[in-house]
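Just below is one structure, and these are the notes that go with it.
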Amino acid sequence: MSSNPAPSGAPLRLEAVRKVYRSGDSEIVAVDHATLTVADGEIVALLGPSGSGKTTLLSIAGGLLTSTEGRVVVGGQDITDRSPRELTEFRRTTVGFVFQSVNLVPFLTAEENLLVVAELSGRSGMSRRDARQRAKELLDELGLGHRAGNLPSQLSGGERQRVAIGRALFNRPALVLFDEPTSALDTKIGEQVMELIQNEMRSRGTAAVIVTHDTRMTHYADRTVRIVDGVLSDDPVAAGHP
Amino acid sequence: MSLAVTELRRRPGRFAVATVVLTFLSLLLLLLGGLLDGLFLGSTGAIRAQRADVIVYSDTARDSFLRSRLTTEVRRQVEQVDGVEAVGGLGFSLLGATVPGETDLADVAVAGYELPPSGVPDPPSAGHAWADERLREAGVSIGDTLAVGPAGTPITIDGWVEDTNYLQQGALWVTLDTWREVQNANRPDAFVAPDVVQVFVVRGAGGDGLAAAIDAATGSTSTLTRDDAVFALPGVSEQQSTFNAIIFSTLAVVLAVVALFFSLLTLERTGLYGVLKAIGASTRRLFAGVVIQAVTVAVIAFVIGGVLAFVGDALLPGDIPLQLTPGRYVFTFVALVVAAVLGSAISLRRVTRIDPASAIGSAA
Ligand SMILES: Nc1ncnc2c1ncn2[C@@H]1O[C@H](COP(=O)(O)OP(=O)(O)OP(=O)(O)O)[C@@H](O)[C@H]1O
Ligand SMILES: [Mg+2]
């Protein structure tokens, strides 16, 4: 199996990104001139209060939303002006997502939930055998080898989130985006999952942005960026290693 | 795609209601279609079997065999027309017949002919007949002598022919003379003079042009192509349009059931589809999954409905004119699949509108 395709440029570069939501007459500036670069293998925690624009920023970085202004470059690809169809392709091939809530396919086993990624790639993806091999390896690594054949309803919250991490890593993305991956878990399990995320990212040299509003989680990151009312600021105090 | 198929396999219960409803609708479609075909085939066999290009009626007959009368003089005029190759007389009498050993009367259509229709041998000897297989159900056997009509004219059965019935009555193919004898003994009010027949079946070249040429030459006839003559039989086109209206209404119900069921299912899957779109599933792929599920449910329903219709056909009493033809199965299958595709297409808009950003936090 090939290793990470070497992306030309940083895994993520946001340049003066602005996002304005319009609802009726009112405008909400959710993200305001955000500039952020995530280096190769870097884990960045994005910390901020509720409604500060964390999810919006993450969605823009992952091609789920388009920005109103500014430039978005992921793994060397400028996605600023891409069409919805091109963004679908981009999300499938270039980024991994882990969401806050349970979002596995309920009628597929843990292993099959990983294989969905291969199925979505269709013929352009890897062979069935390679895909199964990769799913097995990932699940073993995530400590879920013995749960590969279980449905999500038969897994605990922490196990489900680990399956979701496996799914996000399946296509060897340049960047993995986590939106409050532990907020639905209790503290202890949450810390285990964060530790796992840290290990997985480190061992692969994959860059990640982890959204959280919990300062206790930031020490798993290399760097913490704060966001308040859509404005970013570096937070040297909260940065550091465990 | 395999996602859609896997869901069908793992959660058959979710699709059970739709499958059961569509099974009943397929059964209904097959039974309605089978009845229509049975009625059509049983009414028109004697005409469809004619190896003729056109059929000549007297112009006062308004395209009815029973009202039509043609003389040898007209016959000579028809024979003179360019393109005419052969002319044969034909006449029908619809009567009841007493079958030896049976209490109920058998409905028979005594058919006098000259040119053999397909599957019918040359005319038998006087007082004898080739009988349509349909009369077996009325207890008729080869060698029996039936007493036909109130006058009890004797007709002896020499052998069987198939699919030659006339207006749901079992055909008895006899010579023109025997037919006239039967007609004049039992229907003195509609007497047929010697050498007179009801219609001519004409073989020749030219189709519609031939019909027009014949009418122009005689000045006293109305000529139809064989296919038009089939639909001019009393009740045939009315049956077709009535049954087809019911069949197409049933298909509209199929479409509505599929549309409703799968749009509810799609609504229920909004969250899941949002997540799948977020991780790179295209609208096209998700929508294809919905269509595949709808078509699979329709095909399963068709198979079960088809088996039920087949078994039902075997169990139903023989006097119900149900005929399940391969063509009817094919038509019903294609119609169901088309209805399933169109019905599930209603969900396309809903699938398209699902925002991938809905998968994540509060950002949608
Ligand atoms: N689709 C939308 N339409 C209008 N306004 C929106 C939309 N999505 C988010 N917003 C607004 O944009 C701002 C930022 O929202 P966002 O979801 O990015 O915050 P967040 O930091 O992720 O919050 P939380 O911690 O509660 O998840 C909020 O004021 C929110 O109300
Ligand atoms: Mg959020």
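Source: prediction; values computed, not measured. Every chain is numbered from 1 and lettered A, B, ... according to where its sequence line falls, protein lines coming before strand lines. Just so it is clear, the values below take in all heavy atoms, side chains as well, and ignore hydrogens, waters and symmetry mates.
Contact record, A:F97 with B:A278: CE1-O, 3.5 Å, taken as the closest heavy-atom pair. Contact record, B:K277 with A:R91: O-NH2, 2.8 Å, taken as the closest heavy-atom pair. Contact detail for A:S59 and B:I360: the closest heavy-atom pair is OG-CG2, 3.3 Å. Here the closest heavy-atom approach between residue A:E119 and residue B:L3 is recorded as OE2-N, 3.3 Å. Nearest heavy-atom pair across B:A357 and A:L64 is CB-O, 3.7 Å. Summarising the geometry of A:L120 relative to B:A281, their closest heavy-atom pair is CD2-CB, 3.6 Å, with the distance given to 0.1 Å.
In this structure, CD on A:E112 lies 8.5 Å from OG on B:S2, to the nearest 0.5 angstrom.
If you measure heavy-atom distances from B:I279 to chain A, the contacts under 4.5 Å come from both the backbone and the side chain.
A:P106 is listed as a side-chain neighbour of B:L272, based on a closest heavy-atom distance under 4.5 Å. Taking 4.5 Å as the limit, some side-chain heavy atom of B:R10 sits within range of a side-chain heavy atom of A:L108.
Heavy-atom pairs under 4.5 Å with chain B were tallied for A:L87, A:V105, A:V211; the largest tally goes to A:V105. Highest contact tally toward chain B, considering only A:K19, A:E89, A:R167, A:K54, is held by A:R167 [criterion: heavy-atom pairs under 4.5 Å]. Contacts with chain A were tallied for B:R11, B:E7, B:R284; B:E7 has the most, counting heavy-atom pairs under 4.5 Å.
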